[in-house]
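Everything numeric in this text was worked out from a predicted model, so none of it was measured.
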Amino acid sequence: MSFSSDVKNELAAVKPEKSCCGLSELCGLYATMGSLSLLGRGKVNVQLTSESLSVCRRAYTLLVQSLHVSPQIHYVTNARFGGTRKCVLTLGPIHSPAFLRALGMMDEAGSLRSTTPHMALTRQCCMRAFLRGIMLGGGTMSNPEQSYHLELPCRDSGIQAMMAKSMQRMGLPIKLGVRREHTYFYLKQSDQIVAFLTVIGAHTSVMQIEDLRVKKQVMETVNRAMNCDNANLQKQMDASSAQVEAIRRLRDSDRLSTLPAGLQEIALARLNAPDASLTELGQMLHPPIGKSGVNHRMRRLMTYLEPTMDS
């Protein structure tokens, strides 16, 4: 199951804040998964279609609670797309007018005013419910383990304006994209997605994203530390190899025995322990010296090789 499905399953169980919120959420659901058919002689038929059973159950429950209508349920299997099964809620010509009037699409006389919803959405609770319906009906989200990307489709300019107003009032960024002549809102930053999911009530999903963000930050910190350690180790190995090579050239040219006793001591220690760190080399001396002392002796030792290297 995808992360989008998990989010929708969670949202489908969110209790509407107020009685007005059920209709606002239905508005979002119809804007993304609804269709309207004209049957002739002034009759209309409304259908809500989704591949998600939890979303269909949510729509069914809201229709019963908010409008006191019970839609017919049937399933459609499309063999062309791998046998995808969809759930269809049909209101029919008897209940469809009440639904359309509630969404501002039909007047009291039964005349169709618009094919898309027109609701004021003046309350913030209704805006949250509307955006939740949009997410349930057509929103998609990538797995946050891989990337951060959330999309909300908008069929026309009317729905786009309602979505933009709601997102703006909720303090959410408004980013529009177009793909194959279809317009959509999108969010690509984790904090923006977390803010959106919090607004629409997906608190469990938010906690999962936050846990993943913490784990990613820890892993990034560990990786940086490991890369730094590896770089330091490589640097230490390169320096050690250069020191061993220099000491061997001094020894082979009979110049090592002419050096001060302290430099001879550190040179022999390096030859005996080519992989040791400067701190470890310092502990091998008598008496032991610190890392800075070893580093000072090594730098002095390497200067004795410079005339030989130039020649």
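Contact record, P117 with C27: CB-SG, 3.4 Å, taken as the closest heavy-atom pair. Minimum heavy-atom separation, P71 to L63: CG-CD1, 3.7 Å. Residues V294 and L278 share a closest heavy-atom pair of CG2-O, 3.5 Å. Nearest approach of T116 to M105, heavy atoms of both residues: O-CG, 3.3 Å. Nearest approach of L187 to P173, heavy atoms of both residues: CD2-CG, 3.6 Å. In this structure, F130 and S166 approach most closely via the heavy-atom pair CD2-OG, 3.8 Å.
Remark: R213 engages E210 in a salt bridge, criterion side-chain N to carboxylate O under 4.0 Å.
When the shell of 6.0 Å around NE2 of H296 is examined, it contains 12 or fewer heavy atoms from other residues, nucleotides or ligands. Residue R251 qualifies as enclosed at atom CZ: its count of foreign heavy atoms under 6.0 Å is above 12. The environment of NZ in K216 is crowded: more than 12 heavy-atom neighbours from other residues, nucleotides or ligands sit within 6.0 Å. Heavy-atom neighbours of K175 NZ from other residues, nucleotides or ligands within 6.0 Å: above the threshold of 12.
When the side chains of ILVMFWY residues are joined at heavy-atom separations under 4.5 Å, either directly or via intervening members, V199 and I174 end up in a single hydrophobic cluster. Following chains of ILVMFWY side-chain contacts shorter than 4.5 Å, one cannot reach V214 starting from I193, and the two form parts of different hydrophobic clusters. Under the 4.5 Å side-chain contact rule for hydrophobic residues, L250 and L281 share a cluster. The hydrophobic clustering, which links ILVMFWY residues whose side-chain heavy atoms are closer than 4.5 Å, places L131 and V194 together. When the side chains of ILVMFWY residues are joined at heavy-atom separations under 4.5 Å, either directly or via intervening members, V14 and L152 end up in a single hydrophobic cluster.
The closest side-chain heavy-atom distance from M141 to I209 is below 4.5 Å. Within the 4.5 Å cutoff, side-chain heavy atoms of Q208 are placed close to those of T204. You'll find the side chain of Q47 reaches within 4.5 Å of the side chain of T90, heavy atoms only. Between Y30 and L103, some side-chain heavy-atom pair lies under the 4.5 Å cut-off. Residues L29 and V55 form a side-chain contact, since some pair of their non-hydrogen atoms from C-beta on lies under 4.5 Å apart. Side-chain contact between R249 and R255 is absent, with no heavy-atom pair separated by less than 4.5 Å. Side-chain contact check for T140 versus L150: every heavy-atom pair is 4.5 Å or farther apart. Taking the side chain as every heavy atom from C-beta outward, F99 and V44 never approach each other to under 4.5 Å.
In terms of modelled atom types and a separation under 3.5 Å, the side chain of N272 and the main chain of L268 share a donor-acceptor contact. Using modelled atom types, one side-chain atom of E265 and one backbone atom of H286 make a donor-acceptor pair closer than 3.5 Å. When atom types are taken as modelled, the side chain of K8 and the backbone of G139 share a donor-acceptor pair closer than 3.5 angstrom. Side chain of K188 to backbone of S147: no donor-acceptor contact under 3.5 angstrom is found. A donor-acceptor pair under 3.5 Å links the side-chain atoms of T32 to the main chain of G28, judged by distance alone. In this structure, the side chain of R132 engages the main chain of I200 through a donor-acceptor pair within 3.5 Å. With Q264 contributing its side chain and S257 its backbone, the two residues share a donor-acceptor pair below 3.5 Å. In this structure, E10 contributes its side chain and H203 its backbone to a donor-acceptor pair below 3.5 Å. The closest donor-acceptor contact from the side chain of S24 to the backbone of M127 lies at 3.5 Å or more, if one exists at all.
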Side chain to side chain contact (heavy atoms under 4.5 Å, CB included) evaluation trace for R297 with R270: CA-CA 11 Å; R297 291 190 185 184; R270 172 54 81 195; over 6 Å; no
Verdict with supporting geometry, I134 and F185, side chain to side chain contact (heavy atoms under 4.5 Å, CB included): CA-CA 11 Å; I134 294 289; F185 287 86; over 6 Å; no
From CA spacing to verdict: side chain to side chain contact (heavy atoms under 4.5 Å, CB included), R85, T77: CA-CA 4 Å; R85 192 184 188 210; T77 302; 3.9 Å; yes
Candidate pair R169 and L121, rule side chain to side chain contact (heavy atoms under 4.5 Å, CB included), full reasoning: CA-CA 11 Å; R169 287 285 300 273; L121 297 179; over 6 Å; no
From CA spacing to verdict: side-chain hydrogen bond (donor to acceptor under 3.5 Å, both in side chains), S54, S52: CA-CA 5 Å; S54 62; S52 171; 2.9 Å; yes
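Of the inter-residue distances, the one linking K235 atom NZ with C228 atom SG reads 10.0 Å to the nearest 0.5 angstrom. Note that the CZ atom of R123 and the CZ atom of R128 stand 12.0 Å from one another [nearest 0.5 Å]. Within the model, atoms CE of M33 and SG of C56 stand 4.5 Å from one another, a figure rounded to the nearest 0.5 Å. The distance from atom CD of E280 to atom NZ of K291, rounded to the nearest 0.5 Å, is 11.0 Å. For the atom pair I73 CD1 and L48 CG, the distance stands at 11.0 Å (nearest 0.5 Å). Between the OG atom of S70 and the NE2 atom of H95 there is a distance of 6.5 Å, given to the nearest 0.5 Å.
Inspection of the Q234 and N230 side chains reveals no N or O donor paired with an N or O acceptor under 3.5 Å. Of the N and O atoms on the side chains of S277 and T279, not one donor lies less than 3.5 Å from an acceptor on the other residue.
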